[in-house]
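Notes follow the structure.
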Amino acid sequence: MVSPTPPPLLTLSSLLLLVLLLCSSCVVNSSSKSNPPAKIGQGYRLISIEETPDGGLVGHLIVNKNNNVYGPDIPHLQLFVKHETQDRLRVHITDAQKQRWEVPYSLLPRDQPPPLKQTIGRSRKSPITVSEYTGSELIFSYTSDPFGFAVKRKSNGQTIFNSSSDKSDPFGNLVFKDQYLEISTKLPEDASLYGLGENTQPHGIKLYPNDPYTLYTTDISAINLNADLYGSHPVYMDLRNVGGRPYAHSVLLLNSNGMDVFYRGTSLTYKVIGGVFDFYFFAGPTPLGVVDQYTSFIGRPAPMPYWSLGFHQCRWGYHNLSVVEDVVENYQKAKIPLDVIWNDDDHTDGKKDFTLNPINYPRPKLLAFLDKIHSIGMKYVVIIDPGIAVNSSYGVYQRGIADDVFIKYEGEPYLAQVWPGAVNFPDFLNPKTVSWWGDEIRRFHELVPVDGLWIDMNEASNFCSGKCTIPKGKQCPTGTGPGWVCCLDCKNITKTRWDDPPYKINASGLQAPVGFKTIATSAVHYNGVLEYDAHSLYGFSQSIATHKGLQGLEGKRPFILSRSTYVGSGHYAAHWTGDNQGTWENLRYSISTMLNFGIFGVPMVGSDICGFYPQPTEELCNRWIEVGAFYPFSRDHANYYSPRQELYQWESVAESARNALGMRYKLLPYLYTLNYEAHISGAPIARPLFFSFPTYTEVYGLSTQFLLGSSLMVSPVLEQGKSEVAALFPPGSWYSLFDMTQTITSRGGINVTLYAPLHVVNVHLYQNTILPMQQGGMISKEARKTPFSLIVTFPAGVPDGEAKGNLFIDDDELPEMKLGNGYSTYIDFYATINKGTVKVWSEVQEGKFALAQGLYIEKVTVLGLDGSGQASALEVDGKPVTGASNIELSTTKQNVLEEQEDGGNKVKTLMVEIKGLSFAVGKNFAITWNMGIKS
């Protein structure tokens, strides 16, 4: 559903300030240290270091001089360093004498560091001042006093991380206290950084010096800029251009505690309120290589069912089943594609999880509706919030109490308030909770055969703060007015250092208390784990439990949409970017957030199309569907209090939707193949342009255009009242997907003003590509049965060139997405032009499945051929095509827009189209012809 949404004119800062001033039950932060020094302490010194049996290093550090800023220093630290793979280095620093909180190894599987107090065998009592530990790609080096470490590339000596502090640096040495950890790195001025989310970045995808980056999962609207939002991803990618050569690497600090990250342009400082330093360095050196290495560690992105790449419609406020039925019918009447219809909490009984409203969504009628939509391939997804209503007659709650599954405070289930009123929160770190949750999913699926689950409010969100009780003698909630007003009786919790830590992270953008409107941070999870430590893992742990529960139902591939995410969430769930606004600014912001999540290993991502609230303008909704049709996850969703904004509500928007979504549905085989590539290599579905053009520094900060895969570029209109868009085209040849006679080509890149009236979105395909497409349709189930066409692109007018593409097809209900199970096919497509001869062919792996589906290619279109030639001597699988054949070959001149060069001849190109083919997708084929000189 939603976070409590303030009225449009009330900003987050003013809202929270008002709440903090008026709310007697809110914890108010009082800084224990006013104006702490910029440099805290004198760091640590290395007293011993040795090799471990598995080829790592283990060392011991002693604090140089204790101080009490943010608490006493931990006197003795253990350092562990290991090249875990040829392109991944780990640096782990923790208390040498006492076990500290870390992200549970059961949630994110990885190697354990050596046990504490390890005996020092060949230790050096006086270690050398500088030493190096070399791996295949990276080199770790250290200085002993004060201790600092650096990570360099082996190939060129480039320093990618350096924690040592000089007098001139704005940061100090390593600080390690129980509730305050600090470490920094120097950075070159020309480094381009990306990541550190989740937040809404007004300056675009590149991190912006001196913008705040706070990581702490928080339920505040995504309209709030530079604030900690729903997810925590303490990872950044660093892209540098060194002498014309690009080098990318990534740095992950695997820590779930709240943190501030200060990026100054020439340095970056972490200030963390608990846990350990567990750094992972990924060597790259390409952006794709970085994400491959990162997702190899955190978990590959989840395979998505085919239908999830279709269009989704949702709204908070579909009051009864007949409204939902009308929505589906109106999409069909408007001839706008629709695969999935969603319910926010309207279907529930009193907003309680796993229930049905017997009046507005009577089960017999709902089942009949689901039978109807399932018969044509449509799907149904509903919301599940984590808060379980405290209600003695509610079976879900009764079973949860019996199984002891809830987070505790002072020995009792912690009481909070969300949409149903008083709730308890399941503790997904408890194995019993995971089993109970799976059983509740099973029970609900027997009641309603939903096709996926939407897990929301899992930061976790709480409408109250502190220790609360259910009021006596009054109804809570009242049933009138906004549902997010706290009506429990609550008191401050300030008695522990977990509720009032010495260092105040910039929570909610204004140093709100860490327990504000969430679970009290001194509440306790399974095995005594504090909410203070595990807070940002809540949505992640719920995603894992939900994935396990869904997969156990019918053995089908799960679909889960989660609002709160953490490192590794993409292995289980998709994500939408939360409660945005129907404004032009929010439309622009959506691109940067989407691209960031690809870097985070969550490639199935999108924003609420047309904005969650308030009412978008008709023009904005036109432009938003032209962007949203190319989000990996494409869904229109709106607030209860907003007017209806389904795409058919305006005829102009319906026209734009038919155009943009019509193209999306033709591209579904390409998008699904990108889903497969994401699953096997982490490659984002939607990518910044620098992924494909890392040498072209002009695109390093480009946040208004994006790629789908390596070569399909979307250049949307993002401003009001515009009928054209300024687009940047990297070097090479680009072909308009909506009008393939239009070509843009340059040697050094070119800025082009593209024509873009209201119903037009510009999408271009890059050279050297083979794009598989189908004919589209109203539902993905039908669209994927239609004939294929291949679009082949060569650099404009070249005498010699090549192109490549691929296609993955499988039974998308199977949990695993892989080759070798008898239910999948993979095809590589190739094309060459050489000395006037054009050849297009395929190489099929495991073609049996595709053959059984009866899929075939009916058309091949080749773009960018030399305009002085003429096609002739067509052969199919080595046999000449005769006049009696149904195969038709045609040529069309293309219009070429190119950069002007003195004395150069204008490029002339042709499009060659071959129709009437019947190549089985599951069998190898080859087609050739000559482009002879015209007589």
Side-chain angles (χ1 to χ4, degrees), residues 24-27 98-102 104 106-107 178-179 217 256-258 273-275 352-353 385-418 420-437 439-440 457-472 476 486-501 513-539 541-542 545:
S24 62
S25 63
C26 297
V27 185
K98 181 182 174 184
Q99 195 74 37
R100 288 181 63 80
W101 164 257
E102 298 187 43
S106 57
L107 285 189
D178 191 29
Q179 288 183 269
T217 60
S256 63
N257 289 82
I273 60 173
K352 297 191 296 293
D353 281 351
D385 290 344
I388 301 299
V390 176
N391 186 324
S392 59
S393 62
Y394 174 34
V396 178
Y397 173 73
Q398 293 172 336
R399 292 184 288 271
I401 289 291
D403 288 346
D404 193 23
V405 303
F406 297 116
I407 293 170
K408 300 287 182 58
Y409 185 81
E410 296 181 337
E412 297 294 325
Y414 176 74
L415 191 72
Q417 180 189 328
V418 201
V423 299
N424 296 150
F425 286 114
D427 175 11
F428 294 105
L429 298 183
N430 186 340
K432 284 198 303 184
T433 307
V434 175
S435 298
W436 163 81
W437 187 253
D439 185 59
E440 296 303 336
M457 308 291 284
N458 52 352
E459 292 73 30
S461 179
N462 181 1
F463 298 164
C464 301
S465 302
K467 178 177 172 57
C468 303
T469 57
I470 299 175
K472 295 179 180 179
C476 174
C486 178
C487 54
L488 301 177
D489 289 337
C490 302
K491 295 180 180 178
N492 294 345
I493 303 177
T494 57
K495 60 187 176 184
T496 79
R497 59 195 179 99
W498 312 115
D499 301 296
D500 188 21
V514 288
F516 179 67
K517 294 299 183 77
T518 188
I519 299 167
T521 42
S522 54
V524 179
H525 292 253
Y526 179 68
N527 273 351
V529 169
L530 285 167
E531 167 69 11
Y532 179 87
D533 293 315
H535 171 84
S536 290
L537 298 175
Y538 194 79
S541 61
Q542 187 193 15

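As a basis for the values below, the full set of heavy atoms in this structure was taken, side chains included, without hydrogen atoms, waters or symmetry mates. In this chain, numbering begins with 1 at the start of the sequence shown.
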Item to check | side-chain hydrogen bond (donor to acceptor under 3.5 Å, both in side chains) partners for Asn458, two or more places apart | outcome: Gln542, Ser562

Item to check | Within 45° cone of Phe463 ring axis and under 6.0 Å: Lys517 NZ or CZ | outcome: no

Checklist entry - Got Leu537 and Leu107 here, is their nearest side-chain heavy-atom distance under 4.5 Å? => result yes

Next on the checklist: Under the rule for side-chain hydrogen bond (donor to acceptor under 3.5 Å, both in side chains), what residues qualify as partners of Lys408, not counting sequence neighbours?
Outcome noted: Asp404

Validation: residues 395-402 side-chain donor-acceptor distances under 3.5 Å, sequence neighbours left out:
{"residue": "Gln398", "atom": "NE2", "partner": "Ser392", "partner atom": "O", "Å": "2.4"}
{"residue": "Arg399", "atom": "NE", "partner": "Glu440", "partner atom": "OE2", "Å": "2.7"}
{"residue": "Arg399", "atom": "NH2", "partner": "Glu440", "partner atom": "OE1", "Å": "3.0"}

Checklist entry - Can Asn492 and Thr494 be counted as having a side-chain donor-acceptor contact under 3.5 angstrom? => result no

Checklist entry - What do the steps show when you test Asp178 against Arg497 for salt bridge (charged side-chain N to carboxylate O under 4.0 Å, His left out), and what is the final call? => result CA-CA 11 Å; Asp178 191 29; Arg497 59 195 179 99; 2.6 Å; yes

Item to check | salt bridge (charged side-chain N to carboxylate O under 4.0 Å, His left out) partners of Lys495, counting only residues at least two apart | outcome: Glu410

Item to check | Leu415 side chain reached by Ile470 side chain, heavy atoms, under 4.5 Å | outcome: yes

Checklist entry - Does any non-hydrogen side-chain atom of Tyr409 lie less than 4.5 Å from one of Ile493? => result yes

Next on the checklist: According to side-chain hydrogen bond (donor to acceptor under 3.5 Å, both in side chains), who are the partners of Thr433, at least two apart in sequence or on a separate chain?
Outcome noted: none

Checklist entry - Got a sec, which residues hit side-chain hydrogen bond (donor to acceptor under 3.5 Å, both in side chains) with Trp498, two or more places apart in sequence or on another chain? => result none

Next on the checklist: Would the distance check show the side chain of Asp533 and the main-chain N or O of Trp101 forming a donor-acceptor pair, the cut-off being under 3.5 Å?
Outcome noted: no

Checklist entry - Taking the SG atom of each, are Cys464 and Cys490 under 2.5 Å apart? => result no

Checklist entry - Taking the inter-plane angle between the rings of Phe425 and Tyr414 on a 0 to 90° scale, is it parallel (under 30°), tilted (30 to 60°) or perpendicular (over 60°)? => result parallel

Checklist entry - Taking C-beta and beyond as the side chain, do Leu530 and Thr521 meet within less than 4.5 Å on heavy atoms? => result no

Checklist entry - So, Tyr538 versus Glu531: side-chain donor-acceptor pair below 3.5 Å or not? => result no

Checklist entry - Side-chain contact, heavy-atom cut-off 4.5 Å: Thr518 with His535? => result yes

Next on the checklist: Let's test your reading of the model: do Cys486 and Cys468 have SG atoms under 2.5 angstrom apart?
Outcome noted: no

